[in-house]
Amino acid sequence: MKYALVTGGSGGIGGAICIRLSEAGYNVLVHYNSNITSASKTLHQIEDNGGVGSLIQFNITNYKEVKDALEVWKQDHPDEYISVLINNAGTSKDVLMVWMEQTDWSSVIDTNLNGFYNITSALIKDMVINKWGRIINVVSLSGIKGLPGQTNYSAAKAGIIGATKALAQEVSRKNITVNAVAPGYITTEMTKDLDEKQLKKLIPANRFGTPGDVAELVVFLAGDGSSYITGEVININGGLYT
Ligand SMILES: NC(=O)c1ccc[n+]([C@@H]2O[C@H](COP(=O)([O-])OP(=O)(O)OC[C@H]3O[C@@H](n4cnc5c(N)ncnc54)[C@H](OP(=O)(O)O)[C@@H]3O)[C@@H](O)[C@H]2O)c1
């Protein structure tokens, strides 16, 4: 059974990805940082459906914390490796650049972009040694188009897109694919304060996406059937921007 780690499994999109990966037969590591209640709920749902998984906690901005948590997992699973990594944990701190504090900038870069490094660098060697892997990075429309009020977040997500394309070329000979999915507006905690009624008028599909919409795409990219797709950024935004 393949092991899949979903960072931010306690969140809206991450939770849906955990459940769909479990349905597809993966042993899922549901990651959380602060919200153990939500992560546990997702794990219970997996188990109630007959799947298997476990919880894992770390703050993705802390390199040592990430490494230590994975070291514990590796010691408990000496003959296994995590072959699917979903880099989904993320945060935003929306503010116009003229008002942006240094911490607004650094906290968003630390979580999204440095977080990508901290976890990916910890798992990529095992994928290379085992000659099979999937890395799927959850980026955003903001990282492609740029959105006002999100200079920090757009920069972080655009940075991950660059990393996706570079890393894909480094590891594709080892049967490891690296792709990004770029959601538009998805109904989760992150978008709860947005005016959905107004914004959906801009979306050709006339609705916000659901976490399940994103999970379907991620599960496809995690499987064997996507082996010739790498270095791609796939939009999932109801036609808002292509
Ligand atoms: N919702 C959208 O419309 C949308 C659109 C485009 C892209 N995205 C991207 O989709 C991903 C998931 O977002 P979501 O909408 O599902 O948001 P969400 O429900 O707020 O979930 C965010 C997740 O990130 C985790 N996280 C935040 N800071 C962390 C840290 N320092 N260390 C470890 N984990 C951390 C949270 O963990 P805890 O709660 O346990 O602390 C939570 O599981 C993000 O990368 C986001 O940028 C979302």
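No experiment lies behind these values; they were computed from the predicted model shown.
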Let me confirm one number: the [atom1]-[atom2] distance from [X] to [Y], rounded to the nearest 0.5 Å.
{"X": "Cys18", "Y": "Ile46", "atom1": "SG", "atom2": "CD1", "result": "5.5 Å"}
{"X": "Ser22", "Y": "Leu43", "atom1": "OG", "atom2": "CG", "result": "9.0 Å"}
{"X": "Asn88", "Y": "Ser10", "atom1": "CG", "atom2": "OG", "result": "9.0 Å"}
{"X": "Asn62", "Y": "Asp110", "atom1": "CG", "atom2": "CG", "result": "10.0 Å"}
{"X": "Leu217", "Y": "Ser226", "atom1": "CG", "atom2": "OG", "result": "9.5 Å"}
{"X": "Gln57", "Y": "Leu29", "atom1": "CD", "atom2": "CG", "result": "13.0 Å"}

I'd like to know if the side chain of [X] reaches the main chain of [Y], judged simply by a donor and an acceptor atom lying under 3.5 Å from each other, with no hydrogens or angles considered.
{"X": "Asn118", "Y": "Ile60", "value": "yes"}
{"X": "Asn237", "Y": "Gly239", "value": "yes"}
{"X": "His31", "Y": "Phe58", "value": "yes"}
{"X": "Asn179", "Y": "Ile229", "value": "yes"}
{"X": "Asn112", "Y": "Ile109", "value": "no"}
{"X": "Asp104", "Y": "Met100", "value": "no"}
{"X": "Thr187", "Y": "Thr210", "value": "no"}
{"X": "Gln150", "Y": "Gly146", "value": "no"}
{"X": "Thr230", "Y": "Val178", "value": "yes"}
{"X": "Thr188", "Y": "Gly12", "value": "no"}

Show your working on side-chain contact (heavy atoms from CB on, under 4.5 Å) between Leu5 and Ile119 and close with a plain yes or no. CA-CA 10 Å; Leu5 168 58; Ile119 181 80; 3.6 Å; yes
Is the shortest heavy-atom distance from the side chain of [X] to the side chain of [Y] under 4.5 Å?
{"X": "Ile186", "Y": "Pro211", "answer": "yes"}
{"X": "Met127", "Y": "Asn175", "answer": "no"}
{"X": "Val171", "Y": "Ile124", "answer": "yes"}
{"X": "Thr7", "Y": "Ile86", "answer": "no"}
{"X": "Val181", "Y": "Phe220", "answer": "no"}
{"X": "Pro183", "Y": "Val138", "answer": "yes"}
{"X": "Ile176", "Y": "Arg134", "answer": "no"}

Give me the atom names and distance for the closest heavy-atom approach of [X] to [Y].
{"X": "Asn137", "Y": "Ile135", "value": "OD1-CG2, 3.6 Å"}
{"X": "Gly212", "Y": "Ala16", "value": "N-CB, 4.0 Å"}
{"X": "Gly53", "Y": "Glu47", "value": "O-OE2, 4.2 Å"}
{"X": "Leu202", "Y": "Leu240", "value": "O-CD1, 3.4 Å"}
{"X": "Lys157", "Y": "Val139", "value": "CD-CA, 3.6 Å"}
{"X": "Thr177", "Y": "Leu221", "value": "OG1-O, 4.4 Å"}

Is there a side chain to side chain donor-acceptor pair (under 3.5 Å) between Asn59 and Glu65? Walk through the geometry before answering. CA-CA 7 Å; Asn59 182 336; Glu65 216 179 281; 5.4 Å; no
What about [X] and [Y], same hydrophobic cluster or not, with Ile/Leu/Val/Met/Phe/Trp/Tyr joined at side-chain heavy-atom distances under 4.5 Å?
{"X": "Tyr153", "Y": "Trp105", "value": "no"}
{"X": "Leu147", "Y": "Ile13", "value": "no"}
{"X": "Tyr241", "Y": "Leu194", "value": "yes"}
{"X": "Met190", "Y": "Ile203", "value": "no"}
{"X": "Val108", "Y": "Ile144", "value": "no"}

For a side-chain contact (heavy atoms from CB on, under 4.5 Å) check, start with the C-alpha distance between Leu70 and Ile56, then their side-chain angles and the critical distance, and finish with the verdict. CA-CA 9 Å; Leu70 289 169; Ile56 186 165; 4.1 Å; yes
Heavy atoms from other residues, nucleotides or ligands near NZ of Lys67 exceed 12 (cutoff 6.0 Å): yes
Residues Arg207 and Asp213 bridged, charged N to O under 4.0 Å: yes
Which label fits Tyr3 and Trp73: parallel for a plane angle under 30°, tilted from 30 to 60°, or perpendicular past 60°? perpendicular
Looking only at the side chains, is there a donor atom on one of Lys2 and Asn27 sitting less than 3.5 Å from an acceptor on the other? no
Under 3.5 Å side-chain donor-acceptor pair for Thr120 and Asn87: yes
Sequence neighbours excluded - salt bridge (Lys or Arg N to Asp or Glu O under 4.0 Å) pairs with any residue from residues 170-191: Glu189-Lys192
Dump the intermediate steps for side-chain contact (heavy atoms from CB on, under 4.5 Å) on Val28 and Val6, then the final yes or no. CA-CA 7 Å; Val28 181; Val6 182; 4.2 Å; yes
Members besides Tyr63 in its Ile/Leu/Val/Met/Phe/Trp/Tyr cluster (side-chain heavy atoms under 4.5 Å): Tyr117
